[in-house]
Amino acid sequence: MRVSRLMLVTLRDDPAEAEIPSHKLLLRAGYIRRVGSGIYAYLPLLWRVLQKISAIVREELNGTGALETLLPQLQPAELWQRSGRWAGYTAGEGIMFHLEDRQGRELGLGPTHEEVITALAGELLRSYRQLPVNLYQIQTKFRDEIRPRFGLMRGREFIMKDAYSFHADEACLRRTYGAMDQAYRRIFSRCGLRAVAVEADSGAIGGSASQEFMVTADAGEDLILASADGSYAANQERAVSLAPEAVPLASGPRQGGAGEPLDTPGASSIEQLGQAHGLDPTQVVKVLLLLARFEDGCQQPLLVCLRGDQQLNEVKLANAVSARCGEAHGTLLELGPLSPEAASREGITDLPFGYLGPQLPDTALAAARSWQPRFLRLADATATALGAFVCGANATGRHLVGASWGALCPAPEALDLRAAQPGDRCLHDAAQVLEASRGIEVGHIFQLGRKYSAALEATFTTEAGQEEPLWMGCYGIGVSRLAQAAVEQHHDANGICWPTAIAPYEVIVVVANAAEPAQLQLAERLYGELQAAGVDVLFDDRAERAGVKFKDADLLGIPWRVVVGRGAAEGQVELVQRAGGERQDLAVADLQPLLLERLARERQGLLAA
RNA sequence: CGGGAUGUAGCGCAGCUUGGUAGCGCACUUCGUUCGGGACGAAGGGGCCGCAGGUUCGAAUCCUGUCAUCCCGACCA
């Protein structure tokens, strides 16, 4: 392709709308244009990148025996009502764009395709003999993100590869899940990206085991906690660890474990309490009140106990609450702190915030107008493990010292609700410590189990002649996000440095002075020869000064630059590698063999390394 | 949705405090010089000043409303 025909518009200044390097560079180099909030046009250069990524994804998935398909983006509400996700995805902070057709039928614009594929599988897969099957598609997804940002990182319309597998039993699901894990590692390696697999929360998709693939980059939205020995890595949402040891309360239980009152005016936070009365945060049980709102309108107050030095992990809490109430009240729509303002709107004005203790009786909710009149009481295991502790006395300006579970109040169910922190000891080896890094989530694989097949009655006949719901897995890759993540991981002060495997073009031939016939002729010749040799080659034939063309070549991030300049008459050209900036002068005859050899290796991405 | 900010030419910005009919850099067009790291000179083209009301002889500027976009938090590939 000739640059003069490429519709190339590069920007010298950073666009004001972009914040992170990859977003700025994609805009400046003419890869994308914003059309609306979270909506982008993929310009021709980026489309080539996306097609290269897609080709790698296809090759690897086809290699596992997966089948490519294409499912509708317009999806009937009825399908989502059957799976129980319509309300959760459209009401409240739901992310599904939805609309009504001229007949008044409700439709959703697919944010994901579990419903459609499961309904199809239910119709088509009748016997264990047809299993397993793994179907995938590469397609635009629509999500009405609460806050689109960072260009393609979190758009409202984006390209995703999603795959869904169907199995006769769980062991088979596990095998395919393992095969997808391996395929994903190969895909990211082939794209030239450093990626790590981490344990993850299953989120709104549901199901049991799940693993995320993170491209490591400082601008990543996710916090990864990993052990230095490489045997444990998890998203912070999911990470588990050993909490620091608690400092025992010197005097032990007092007043038989009911605790001794202590006047603590003004000490409504753990820090203030600790400073004023010489207490360690690990000696305190703190009580958080939260409110959960469900699909059926039920509003459930929660009383959560944590050890004073620990932070709540809301994802873990939301999972625990869903597990306990989901059956009766449907999807958990919202979970947040129970504020004094919200309480007083309910008619509850006497909650001593800052001095709450786990013995707070349900009668505190007696005045509630629309809330459930009983707390759902949960505790982190670090709190229930305390033999004697300090807690609020449920009266402003007063705490109890030396309280113990049983005597003060029954211990709530002990769960893991705490947020693991960098520096925590690991569960698998207490000598290992969790270290933090940032990542961009580019892939996520799930063992869904039978959640969707049961809801949508997608069953098959087993060898024994029984009707059973299909076992399912689902596997996603954010293709457009991956392209931007690659830029985030591979750029420098001058622009993008694409890994060759996904670069829009592999080589750019730059004619230093297009007015010089010898240069122009040689450049034309090399351009033609490289094309004939199967190289994706750009030819910068513009009547620009050399400096402009060099700057643009760097900004675009083409891995190899061939400069046809002063040495053209003597048959000399210069070869420059974009990443690293290595340059060498070559005889024209040596160029192509050298380039072809390097490209052959680089097209394999990190697999070649 | 809560908190913060910004809307002036394709992009980046000034002008607004103190109202008087819109400017700078880049980009674009033409000509000349230049020609290996975003050249120089000359001459040009391009703006419903986000939108709607209001105040005023007069509004980019003041007032009210509204929309959009971006940033910080909750969601996700």
Side-chain angles (χ1 to χ4, degrees), chain A residues 9-20 23-24 27-28 30 33-39 57 88-89 92-96 111-112 138-163 184 200-205 210 212-215 221-222 235 237 314-315 318 333-337 339 341 440-446 474-485 494-495 510-516 519 543-555 561 563-568 573-574 576 581 583:
Chain A
V9 179
T10 58
L11 272 31
R12 197 178 296 210
D13 299 312
D14 282 335
E17 72 190 60
E19 203 68 15
I20 61 175
H23 188 193
K24 289 178 182 172
L27 284 165
R28 278 189 55 205
R33 276 289 167 124
R34 196 180 66 83
V35 172
S37 176
I39 305 171
V57 169
Y89 269 70
E93 300 201 329
I95 55 162
M96 183 154 62
T112 176
I138 297 174
Q139 191 201 44
T140 297
K141 292 279 186 284
F142 298 92
R143 293 189 187 171
D144 193 359
E145 290 288 341
I146 300 165
R147 176 144 96 91
R149 68 179 135 169
F150 302 145
L152 307 182
M153 286 296 191
R154 182 183 300 281
R156 298 199 294 171
E157 187 185 315
F158 60 96
I159 298 175
M160 177 166 157
K161 185 286 298 179
D162 50 329
Y184 272 39
D201 182 71
S202 298
I205 309 282
S210 102
E212 289 170 340
F213 293 83
M214 301 279 195
V215 168
E221 289 188 272
D222 291 278
N235 192 315
E237 294 177 346
E314 280 202 29
V315 174
L333 295 182
E334 207 180 314
L335 179 64
S339 65
E341 297 74 38
I440 300 163
E441 182 189 355
V442 292
H444 201 155
I445 60 178
F446 302 81
C474 82
Y475 319 93
I477 291 180
V479 173
S480 45
R481 177 185 283 185
L482 177 70
Q484 187 170 337
N494 296 318
V510 176
V511 53
N513 185 347
E516 198 67 52
Q519 292 184 17
E544 291 287 351
R545 295 161 60 85
V548 172
K549 292 193 268 198
F550 294 156
K551 286 284 185 194
D552 274 344
D554 286 350
L555 183 59
R561 187 173 87 211
V563 182
V564 181
R566 287 199 275 261
V573 294
E574 185 187 40
V576 185
R583 53 184 67 199

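So that the names make sense, note that chain A is the first sequence line, chain B the second, and so on, each numbered from 1.
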Heavy atoms under 4.0 Å, any strand shown: does [X] hit a base, just sugar-phosphate, or nothing?
X      : result
A:E574 : base
A:T10  : base
A:R156 : nothing
A:V442 : sugar-phosphate
A:A512 : base
A:G443 : sugar-phosphate
A:V563 : base
A:G30  : nothing
A:D222 : base

Does the base of [N] carry an N or O that pairs as donor and acceptor with the side chain of [X] under 3.5 Å?
X      : N     : value
A:E544 : B:G38 : no
A:R147 : B:C75 : no
A:R154 : B:C76 : yes

Check A:H444 against A:E441 and note the closest heavy-atom contact, atom names and distance.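 It is ND1-OE2, 2.9 Å.
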Determine the minimum heavy-atom distance between A:M96 and A:P111, stating which atoms define it.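 Reported closest heavy-atom pair: SD-CD, 3.5 Å.
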Rounded distance in Å between the [atom1] positions of [N] and [M]:
N     : M     : atom1 : answer
B:U17 : B:G7  : P     : 14 Å
B:G38 : B:G44 : P     : 29 Å
B:U56 : B:U64 : C1'   : 16 Å
B:A9  : B:G50 : C1'   : 15 Å
B:U69 : B:G25 : C1'   : 23 Å
B:C24 : B:G46 : C1'   : 15 Å
B:C16 : B:U8  : C1'   : 11 Å
B:G45 : B:C28 : C1'   : 8 Å

My understanding is that a pair needs two contacts under 3.5 Å, Watson-Crick or G-U wobble. By that rule, which nucleotide pairs with [N]?
N     : result
B:G41 : B:C31
B:C16 : none
B:U61 : none
B:G36 : none
B:C49 : none
B:U21 : none
B:U69 : B:A5

Can you tell if the side chain of A:L482 reaches within under 4.5 Å of the side chain of A:K161, non-hydrogen atoms only? no
On RNA chain B, check which nucleotide each of A:H23 and A:E314 is closest to and give me the residue with the more 5' one. A:H23
Residue closer to the 5' end of RNA chain B, A:R34 versus A:L555 (nearest nucleotide): A:L555
Got a sec, which residues hit ring-ring contact (aromatic ring centres under 6.0 Å, His included) with A:Y475, two or more places apart in sequence or on another chain?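 ring-ring contact (aromatic ring centres under 6.0 Å, His included) list for A:Y475, sorted by chain: empty.
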Going from CD on A:E221 to CZ on A:R481, what distance comes out if it is rounded to the nearest 0.5 angstrom?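 Output value for this atom pair is 6.5 Å.
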Just verifying a value: how many Å separate A:L11 CG and A:L555 CG, rounded to the nearest 0.5 Å?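 Nearest 0.5 Å value for the CG-CG distance: 9.0 Å.
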As a test of understanding, state which of A:V510, A:V573, A:N513 forms a side chain to side chain contact (heavy atoms under 4.5 Å, CB included) with A:V564.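 With A:V564 as partner, A:V510, A:V573, A:N513 yield a single side chain to side chain contact (heavy atoms under 4.5 Å, CB included), made by A:V573.
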In whole angstrom, what separates [X]'s [atom1] from [N]'s [atom2]?
X      : N     : atom1 : atom2 : result
A:K161 : B:A77 : NZ    : C1'   : 10 Å
A:D144 : B:A74 : CG    : C1'   : 15 Å
A:E17  : B:G50 : CD    : P     : 18 Å
A:F550 : B:C35 : CZ    : C1'   : 11 Å
A:L335 : B:G73 : CG    : C1'   : 15 Å
A:E221 : B:C71 : CD    : C1'   : 13 Å
A:K551 : B:A39 : NZ    : C1'   : 14 Å
A:Y89  : B:C75 : OH    : P     : 13 Å

From the list [options], which nucleotide is the closest neighbour of the side chain of [X]?
X      : options             : answer
A:D552 : B:G38, B:G12, B:C35 : B:G38
A:E145 : B:C76, B:G37, B:G73 : B:C76
A:P15  : B:A77, B:G37, B:G12 : B:G12
A:R545 : B:G36, B:C35, B:C76 : B:C35
A:F150 : B:C72, B:G38, B:G37 : B:C72
A:R149 : B:U69, B:G73, B:C13 : B:G73
A:R12  : B:U69, B:C76, B:G38 : B:G38
A:D554 : B:A77, B:G37, B:G12 : B:G37
A:D13  : B:G36, B:G37, B:C11 : B:C11
A:R28  : B:G36, B:G38, B:A77 : B:G38

Name the one of A:R34, A:K24, A:R149 that satisfies salt bridge (Lys or Arg N to Asp or Glu O under 4.0 Å) with A:E17?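 Of the listed residues A:R34, A:K24, A:R149, the salt bridge (Lys or Arg N to Asp or Glu O under 4.0 Å) partner of A:E17 is A:R34.
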May I ask you to establish whether A:R143 and A:F158 are in a cation-pi arrangement, using a distance under 6.0 Å from NZ or CZ to the six-membered ring centre and at most 45° from the ring axis?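 No, A:R143 and A:F158 do not form such a contact.
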N or O in side chain of A:S37 less than 4.0 angstrom from B:C70 OP1/OP2: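 Checking A:S37 against B:C70: at least one side-chain N or O falls below 4.0 Å of OP1 or OP2.
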Quick one, A:E574 with A:R583, criterion salt bridge (Lys or Arg N to Asp or Glu O under 4.0 Å). Give me CA distance, side-chain angles, the key distance, then yes/no. CA-CA 7 Å; A:E574 185 187 40; A:R583 53 184 67 199; 3.5 Å; yes
